[in-house]
2 protein chains.
Amino acid sequence: MKKTVLVFSLLILAILLLFQLSKYALVSNNLQTEIVIAVIAIVFFFVGIFIHKKSLQKPGLLPIEIDYKKIESLEISKREYEVLQKIAEGLSNREIADTLFLSESTIKTHVSNLLVKLNAKRRTEAVQIAKSFQII
Amino acid sequence: MKKTVLVFSLLILAILLLFQLSKYALVSNNLQTEIVIAVIAIVFFFVGIFIHKKSLQKPGLLPIEIDYKKIESLEISKREYEVLQKIAEGLSNREIADTLFLSESTIKTHVSNLLVKLNAKRRTEAVQIAKSFQII
DNA sequence: TCCATTTTGGTACTTTAGTATGACTGATGT
DNA sequence: ACATCAGTCATACTAAAGTACCAAAATGGA
């Protein structure tokens, strides 16, 4: 965290410095206008890339867009999808049953149906396939 | 794919146009230098963000940086780590044994050790924890 | 060379996961 | 009113996963 603040502070300072330099360069006509603009453009282009990269540092903030159409096309129902999410969280059938206030039998039924619909042999494979489909 | 090419083409055209406009604006002194530079800076800043975002569109290209120090601190050995990767791919113990040319017993030993080291109760939970630790 | 660690593998066991099948309920649409 | 379907749950079974404990190679340094 401290490192991030430091990096951003330095970045802002560098940008301000660049601004001042570019103004001096232009008013004193030491440099060609094109070069100054190009430098500014390139620097801010990379700053944009850098900022965006930083903003994605935490995996929880990754823009994982869920493909709801895919879920529909696989004919996965609401309940089944809930179970799929719990599986992906690493819960056992017993734990899923408890969190959803259902019996373990019901969860087993849902899991079995999910495996068929996702064409998976195991729950771990189901998670892998679901992620590749961008549905979780 | 076609859409991406189109968008990038338009983007490049827009940038070139901006360049020309800025040059005209500066030489004819219609606008203040600061404003032109600021506009250039802002535009390229967002272009940088846009480009970086686009480059991350494919999930396979996500820059998931693996925390090797974390792996070490958890005392996960090379073999155990290989097994962990296979687990995350959704393979069964039997399949992992076959791909690594080992017996299923060995895989079970590795998995058991992994569960202890990752403080997980199940292989699915182990995958979840490993991802939260950024080690897979 | 010797020591520590990793890697490998086995047996015997318990637990969890998954399959197959059938049945009941409640909501929905025709 | 009736068929349909999602959701629920059960039983009985097989398969896979995981635990506990042990032990022998191999690997890599000191």
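No experiment lies behind these values; they were computed from the predicted model shown. Letters A, B, ... mirror the listed sequences (proteins, then strands); counts begin at 1.
B:I12 and B:F50 sit in two unconnected hydrophobic clusters of ILVMFWY residues. Membership requires side-chain heavy atoms under 4.5 Å apart, directly or through other members.
Distance CD (A:E75) to P (D:dA6): 8 Å, rounded to an integer number of Å. The separation between A:E82 atom CD and D:dG7 atom P is 9 Å, rounded to whole Å. Rounded to whole angstrom, the span from the CD1 atom of A:I96 across to the P atom of D:dC9 amounts to 14 Å. Following rounding to the nearest Å, B:K117 (NZ) and D:dT19 (P) show an atom-to-atom distance of 14 Å. Regarding A:L114, its CG atom lies at a distance of 11 Å from the P atom of D:dG7, rounded to whole Å.
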Would you mind building the protein contact string for nucleotides 8-28 of chain C? One character per nucleotide, 5' to 3', B for base within reach (heavy atoms under 4.0 Å), S for sugar-phosphate only, - for untouched. BBBB-----BBB---------
Its contact letters, B for base, S for sugar-phosphate only and - for none at protein heavy atoms under 4.0 Å, make nucleotides 25-30 of chain D read ------
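Here B:E72 does not pair with B:K69 in a salt bridge; the nearest charged N to carboxylate O distance is not below 4.0 Å.
By the salt bridge (Lys or Arg N to Asp or Glu O under 4.0 Å) test, B:D98 pairs with B:R94, sequence neighbours left out. With sequence neighbours left out, the side chain to side chain donor-acceptor pair (under 3.5 Å) criterion links A:K117 to A:E80. The side chain to side chain contact (heavy atoms under 4.5 Å, CB included) search around A:Y81 returns A:I66, A:I71, A:I76, A:L84, A:Q85, A:I136, not counting sequence neighbours. Residues satisfying the salt bridge (Lys or Arg N to Asp or Glu O under 4.0 Å) criterion with B:E89, sequence neighbours excluded, are absent altogether. Qualifying side chain to side chain donor-acceptor pair (under 3.5 Å) partners for A:S103, counting only residues two or more places apart in sequence or in other chains: A:T106. By the side chain to side chain contact (heavy atoms under 4.5 Å, CB included) test, B:I51 pairs with A:F45, B:F8, B:L11, B:V47, sequence neighbours left out. Residues that satisfy the side chain to side chain contact (heavy atoms under 4.5 Å, CB included) test with A:S73, not counting sequence neighbours, are A:K70.
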Let me have the donor-acceptor pairs involving side chains of residues 119-128 of chain B, under 3.5 Å, with sequence neighbours excluded, atom names and distances please.
{"from": "B:R122", "atom 1": "NE", "to": "A:G90", "atom 2": "O", "distance (Å)": "3.2"}
{"from": "B:R122", "atom 1": "NH2", "to": "A:G90", "atom 2": "O", "distance (Å)": "3.4"}
{"from": "B:R122", "atom 1": "NH2", "to": "A:E95", "atom 2": "OE1", "distance (Å)": "2.6"}
{"from": "B:R122", "atom 1": "NH2", "to": "A:E95", "atom 2": "OE2", "distance (Å)": "3.3"}
{"from": "B:R123", "atom 1": "NH1", "to": "B:L91", "atom 2": "O", "distance (Å)": "2.9"}
{"from": "B:R123", "atom 1": "NH2", "to": "B:N93", "atom 2": "OD1", "distance (Å)": "2.2"}
{"from": "B:E125", "atom 1": "OE1", "to": "B:K121", "atom 2": "N", "distance (Å)": "2.9"}

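Screening residues 35-44 of chain A for salt bridge (charged side-chain N to carboxylate O under 4.0 Å, His left out), with sequence neighbours left out, gives no hits.
Over its full length, the helix from C:dT1-D:dA30 to C:dT30-D:dA1 turns its helical axis through 60°, comparing axes from the five pairs at each end and rounding to 10°.
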